[in-house]
Amino acid sequence: MGAEVVTALIDSRLAANQINGSFEAKDKRMEKYVKKAQRLTKSFKEFTIKQIPKSENRRADALSKLASTCFDHLSKKVLVEVLKERSIDERQVNALTAVKHTWMTLLIEYLQQGILPDNHEEARKVRIKAPSYAIVNGELYRKGFTMPWLRCVDEARGREALQEAQAGQAGAYEGARTLIGKVLRMGIYWPTTHQDAVELTKKCVECQAYSPVQGNPPVPLTNISSPCPFYQWGIDIVGLFPEAPWKLKYMVVAVDYFIK
C-alpha cells in the first residue's frame, strides 16, 4: 500500500512486548510468529506497536459492531476469508541441481532415444554394451542369465551399499569376495564393483586383521641347479614329531641338490 510509517495498536500486552523484544517468546510456534512479524516490520522506515486496554479500544469495537449490524443502504453480506495455511508454515522448495552425467547416461540415451556419442570409439563401446542392458520403468537394469536382473546405480550409491554390506547391521568383515556377493544379492550393479570392494577391504583394519592367512609364497619359486653330485647340499630340521624311543622328537633332513 506504500505506507512507510506505521503505528499498530493491539490489546495484547504480551504480543506487543514480544515483538518489541521486551518479552521472550518461550512457545516455539509463538517464536515463529514473532520472527515473522519482526521481518515484516523491517520493510517500514518507522514502525511502532502499542498496547491499549480493551475498554479504550473503541475503534475496534465499532468496526466489529459495524460488521454485525444491518443497514438498509448497506449490503447485508460480510465477506469472510478463511486462511487455510498459517503464515509461519514453511514450504519445501526443491533446489535446482545440474544434471549429473554418470556411466549410465550414454546407455540410457542410446536405449531410449538411439543417441550415440560423437566419438567413434565411444559410440562403438556403447553399441557393444547396450544388448546387456534394458530400461524397465525408467530405470536401467543389467541383464543376467544365471541371476536376476540388477538395477544399475552410480558409483557414489554403490560405495554406500558396500559400506552398508561391510560394516552395517549385517556386516561381518568377511573379505572382498563375500562382500561382492552380498552386493549382488542386494540387486544392484555398477561397473567398478570388484575394484571398489577390493580397495575397501584393503583399507579396512578389521578385514585385514581377521582375513585368512595366505599359504602361497610371495614370489614365484626358482629352481636351483647343481653341476655335479654332492656339490651342493640343503640341510634342515623337521619337527616337532610325537616322541619316539630315546626321546627323539626332531629329524635332520639332508638333500643333495643334484640327485635330490
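Both backbone and side-chain heavy atoms feed into the values below; hydrogens, waters and symmetry mates do not.
Remark: Lys35 NZ is loosely packed, at most 12 non-hydrogen atoms of other residues, nucleotides or ligands lying under 6.0 Å away. More than 12 heavy atoms of other residues, nucleotides or ligands shown are found within 6.0 angstrom of CZ on Arg127.
Between Val183 and Ala165, the shortest heavy-atom distance links the atoms CG2-CB, 4.3 Å. For the pair Ala161 and Ile188, the tightest heavy-atom approach, listed with the atom from each and the gap, is CB-CD1, 3.3 Å.
Residues Val153 and Tyr141 fall into different hydrophobic clusters, defined by Ile, Leu, Val, Met, Phe, Trp and Tyr side chains chained together at heavy-atom separations under 4.5 Å. Leu184 and Leu162 end up in the same hydrophobic cluster when Ile, Leu, Val, Met, Phe, Trp and Tyr side chains are linked at under 4.5 Å. In this structure, Val6 is a member of the same hydrophobic cluster as Ile19, with clusters built from ILVMFWY side-chain heavy atoms closer than 4.5 Å.
The stretch residues 187-205 participates, sequence neighbours left out, in these side chain to side chain donor-acceptor pair (under 3.5 Å) pairs: Trp190-Thr192, Trp190-Asp196, Thr192-Asp196.
Here Lys45 pairs with Glu4 under the side-chain contact (heavy atoms from CB on, under 4.5 Å) rule; sequence neighbours left out. The side-chain contact (heavy atoms from CB on, under 4.5 Å) test applied to Thr102 returns Lys100, Met104, Thr105, Asp154, not counting sequence neighbours.
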Next on the checklist: Does Glu109 form a side-chain contact (heavy atoms from CB on, under 4.5 Å) with Leu116? I'd like the steps, not just the answer.
Outcome noted: CA-CA 8 Å; Glu109 291 179 351; Leu116 287 172; over 6 Å; no
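Taking 4.0 Å as the cut-off between side-chain N and carboxylate O, Glu155 and Arg159 do not count as a salt-bridged pair.
Leu248 forms part of a hydrophobic cluster together with Trp246, judged by ILVMFWY side-chain heavy-atom separations under 4.5 Å. Under the 4.5 angstrom side-chain criterion for Ile, Leu, Val, Met, Phe, Trp and Tyr, the cluster partners of Val255 are Val238, Phe241, Met251, Val253.
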Only distances under 3.5 Å count here; give the side-chain donor-acceptor pairs of residues 128-140 to other protein atoms, sequence neighbours excluded, each with its distance to 0.1 Å.
from	atom 1	to	atom 2	distance (Å)
Tyr133	OH	Arg142	NH1	3.3

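Between Val252 and Tyr250 the shortest side-chain heavy-atom distance does not fall below 4.5 Å.
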